[in-house]
Amino acid sequence: MNRIQEIKDRIRGEVIQALEKAKATDALTFETIPAFAIEVPRDKNHGDFAVNVAMLLAKQAGRPTREIAQTVQKNLEEELPWLTKLEIAGPGFLNFFVEPSYFHPVLTAILAEDQAYGRSLNGAGQKVQIEFVSANPTGLLHMGNARGAALGDSLGNLMAAAGYKVSREYYINDAGNQVENFGKSLEARYLEQLGQPFEFPEDGYHGEDIVDTVKNIIAAEGDRFLHMESALRREFMIQLGLKEKLANIRKTLGEFGVQYDVWFSEQSLHDSGEVLETINDMKEKDLLFEQDGALWLRGTAFGGEKDEVMVRANGVPTYFAGDIAYHRNKFRRGFDLLINIWGADHHGHVARMKGAMGALGYDPDHLQVILMQLVRLLKGGDIVKMSKRSGEYVTLTELMEEVGRDAARFFFVMRSADSQMDFDLDLAKSQSADNPVYYVQYAHARIHSLLKMAAGEVIDPDKVRLELLQEPAEIALIRKLAELPEEILQAAQAMEPHRMPRYAMELAAQFHSFYTDCRCLVEDDELRKARLLLSDATRITLRNVLSLIGVSAPERM
RNA sequence: GUUUCCGUAGCUCAGUAGGAUAGAGCGACCGCCUCCUAAGCGGUAGGCCGUGGGUUCGACUCCCGCCGGGAACACCA
């Protein structure tokens with residue numbers, strides 16, 4: 001049940017009807033009804049819903065805004081039983097005050113819908129693919145990947161709740177120079193471990209995890225790669241190393257609560273010939289040209305900053321060529337919408353990828369890229385330089401050990417993707433008990449304990465006298481509960497998962513106030529049942545929101 | 001230099017399809033447990049929304065300039 005939307009639709013209809021009536025009777029003159037807003041005012045004194053149509057009509061109608069508002073009011077249906085009051089305020093707002101009991105049925109709906117409360121069919125089953133994290137499998141997952149994982153997974157949950165068919169995908173960069181470099185680094189460590197002379201590559205991967213990977217390889221395969229040709233040895237190293245790294249990434253993400261539907265290999269696009277096919281197709285469309293022995297894309301022809309190399313002079317396609325083939329592959333799989341979550345350091349890639357898709361005949365707007373600002377790590381008040389090459393970074397595993405999965409996810413999702421965030425590790429640790437996530441979880445645990453105490457009490461939702469819930473704290477809580485479906489829709493539509501933690505905190509706050517103001521386990525049977533039902537509805541709603549964020553809803557704390 | 005994100009309370013951040021007196025958490029200060037979990041509640045203090053213009057009934061929100069910070073501008077990915 002989405003009561004908020006119902007009321008908005010109703011108000012919209014009433015206002016439009018009133019305007020047309022006013023126009024027909026020459027009470028107002030205007031050409032078209034402007035797209036007016038029905039918003040929930042911040043200030044409760046301004047009612048439940050405010051309509052700004054009078055201000056928007058001022059110019060067309062050539063009359064003072066408050067006068068227009070009055071005319072609208074006069075032309076509204078006389079009997080609107082769900083309203084308690086309609087005021088004209090400020091510059092000409094029409095403030096609608098909704099009968100509080102009008103929201104009460106939401107409670108029984110929540111109990112009936114349970115896990116489904118908040119969900120809708122708005123996305124109409126459209127297929128959406130979300131690609132996120134896609135970290136190079138040459139190291140461990142770090143803080144930045146953690147942010148991407150939390151955001152991507154929550155966005156997936158949100159879109160699914162809003163009625164989209166969601167597929168989560170991880171693109172494995174298992175081709176290209178970095179993989180060669182990875183192989184060289186592994187080989188060097190391999191030789192080192194086995195006491196052989198070795199030379200560590202100039203810009204190799206210095207992280208300790210590479211050493212661990214090699215140790216694992218030696219444990220499983222021994223020294224059988226020692227006496228073979230270097231090129232072949234590297235191939236083995238790469239194969240085994242990628243496998244080990246990928247397994248680790250998969251395991252870590254699983255521990256973080258992220259499950260993917262598809263793990264897509266970049267190499268497979270080269271093996272299947274799709275990269276070449278894509279390049280040939282682009283050649284046929286005259287999108288490419290040759291220069292200095294390389295094959296270039298006419299980037300400037302479709303919105304790009306400059307031309308881009310597709311195939312190097314040495315005949316090897318670039319990452320960009322592979323990525324174009326990849327995105328074409330996605331479209332070919334029939335997704336209606338592709339969402340990529342990329343680090344801000346890839347922002348230069350957005351325009352050219354969209355441009356390339358457009359050039360290949362796909363709608364660039366069906367590819368949405370969420371640019372996530374990078375995470376800086378503060379330790380002891382200093383910024384820690386993080387780089388995979390140097391091996392200096394805090395891993396996702398370490399983060400979970402230090403602040404916990406729930407806190408980490410809540411923290412990452414709480415911030416909008418485009419805010420740069422400084423993650424102060426010391427603060428996160430020391431504040432762990434004050435982290436907002438506990439505030440929300442505590443509300444859930446409190447309700448659980450309350451319901452446990454009332455165990456045995458049989459409550460038939462249909463027979464509960466909801467009209468007994470009239471205290472301001474009760475009304476406010478019910479009202480907040482009613483907002484969930486709308487919140488989910490808006491967050492999904494805007495692709496902004498960070499709204500959910502905010503809502504969770506607001507809901508928890510409303511519950512805590514209610515809990516303090518209104519005693520649940522009272523003598524009065526009717527009132528007790530009503531309040532228990534309200535508490536139970538809150539429990540369900542909190543749990544549903546937390547699950548969208550990927551945070552657990554504990555029964556005890 | 002070009003592109004892009006950010007600049008809001010002491011700190012970390014919300015709020016922007018333009019709305020009324022700008023919000024939350026943490027921190028600070030003052031109150032509240034013989035009573036369902038005080039990881040809670042109520043209250044107080046704290047702001048020229050970086051800055052200067054413009055657009056209009058109205059700008060934290062949109063446009064332009066400037067200042068400050070991050071990021072990207074490879075035959076790397």
Side-chain angles (χ1 to χ4, degrees), chain A residues 35 37 39 41-43 45-46 50 52 54-56 58-59 64-66 89-93 95 134-136 138 173 175-179 181 203 266 291-296 305-306 308-323 343-351 371-374 376 411 414-424 427-428 431-443 445-454 473 494 498-499 501-502 505-506 508-509 511-522 528 531-532 535 556-557:
Chain A
E39 55 193 25
R42 292 196 189 111
D43 190 337
N45 294 323
H46 296 143
N52 66 346
M55 281 85 83
L56 300 177
K59 192 167 271 181
T65 51
R66 289 187 72 106
F93 285 103
N95 292 337
S134 299
N136 291 338
T138 54
N173 301 128
N177 283 342
Q178 50 164 7
V179 172
N181 194 3
D203 48 357
E266 177 185 0
Q291 192 183 305
D292 303 328
L295 198 57
W296 296 69
E305 284 277 305
K306 51 188 170 45
E308 307 285 341
V309 172
M310 292 285 285
V311 182
R312 301 184 185 94
N314 64 10
V316 179
T318 58
Y319 170 83
F320 183 46
D323 216 14
D345 54 339
H346 285 66
H347 95 264
H349 198 50
V350 178
L371 286 177
M372 178 186 72
Q373 296 300 310
L374 302 180
R376 282 198 314 178
F411 195 81
M414 193 166 59
R415 280 155 178 75
S416 78
D418 56 12
S419 78
Q420 297 156 213
M421 65 182 283
D422 291 344
F423 200 111
D424 189 326
L427 198 69
Q431 276 196 345
S432 62
D434 298 323
N435 195 302
V437 68
Y438 295 105
Y439 179 79
V440 178
Q441 289 181 319
Y442 181 60
R446 249 186 166 177
I447 298 172
H448 221 274
S449 132
L450 184 64
L451 296 176
K452 201 174 164 190
M453 206 156 292
H498 73 270
R499 295 187 190 204
R502 303 252 142 216
M505 288 168 71
E506 288 166 12
F511 175 76
H512 285 310
S513 291
F514 157 72
Y515 186 89
T516 303
D517 288 357
C518 308
R519 207 177 154 69
C520 284
L521 302 179
V522 289
R528 186 178 64 249
R531 286 184 173 163
L532 282 172
S535 299
R556 269 185 303 279
M557 284 177 75

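Owing to the predicted nature of the structure, the values given are computational and were not obtained by experimental measurement. Every chain is numbered from 1 and lettered A, B, ... according to where its sequence line falls, protein lines coming before strand lines.
If you check B:C36, B:A77, B:C41 against the side chain of A:Thr318, the one that comes closest is B:A77. For A:Met453, the side-chain atoms get nearest to B:C36 when compared with the rest of B:G23, B:C36, B:C5. With B:C75, B:C36, B:G15 as the choices, the nucleotide that has an atom nearest any side-chain atom of A:Asp292 turns out to be B:C75.
Within the shown strands, nothing qualifies as a pairing partner of B:C49 under the Watson-Crick or G-U definition with both distances less than 3.5 Å. For B:G68, the paired nucleotide is B:C6, the pair qualifying as Watson-Crick or G-U wobble because both relevant distances are below 3.5 Å.
Within 4.0 Å (heavy atoms only), A:Leu56 reaches at least one base atom of the nucleic acid. Using a 4.0 Å heavy-atom distance criterion, A:Met421 is classed as a sugar-phosphate-only contact. Across all strands, A:Ala445 comes closer than 4.0 Å to base atoms (heavy-atom distances). Within the nucleic acid shown, A:His512 comes within 4.0 Å of sugar-phosphate atoms alone, with no base atom in reach, counting heavy atoms only.
Closest-nucleotide positions on RNA chain B for A:Asn52 and A:Asp517 were compared, and the one nearer the 5' end corresponds to A:Asn52.
Here, B:A9 and B:U55 have their C1' atoms 30 Å apart, quoted to the whole Å. Nucleotides B:G53 and B:U4 are separated by 24 Å at their C1' atoms, to the nearest Å.
Where stacking is scored as ring centres under 5.5 Å apart with planes under 30°, A:Phe93 registers as stacked on the base of B:A20. The aromatic ring of A:His46 sits over the base of B:A20, with ring centres less than 5.5 Å apart and planes inclined by under 30°.
The side chain of A:Ser513 places no N or O atom within less than 4.0 Å of a non-bridging phosphate oxygen (OP1 or OP2) of B:G40.
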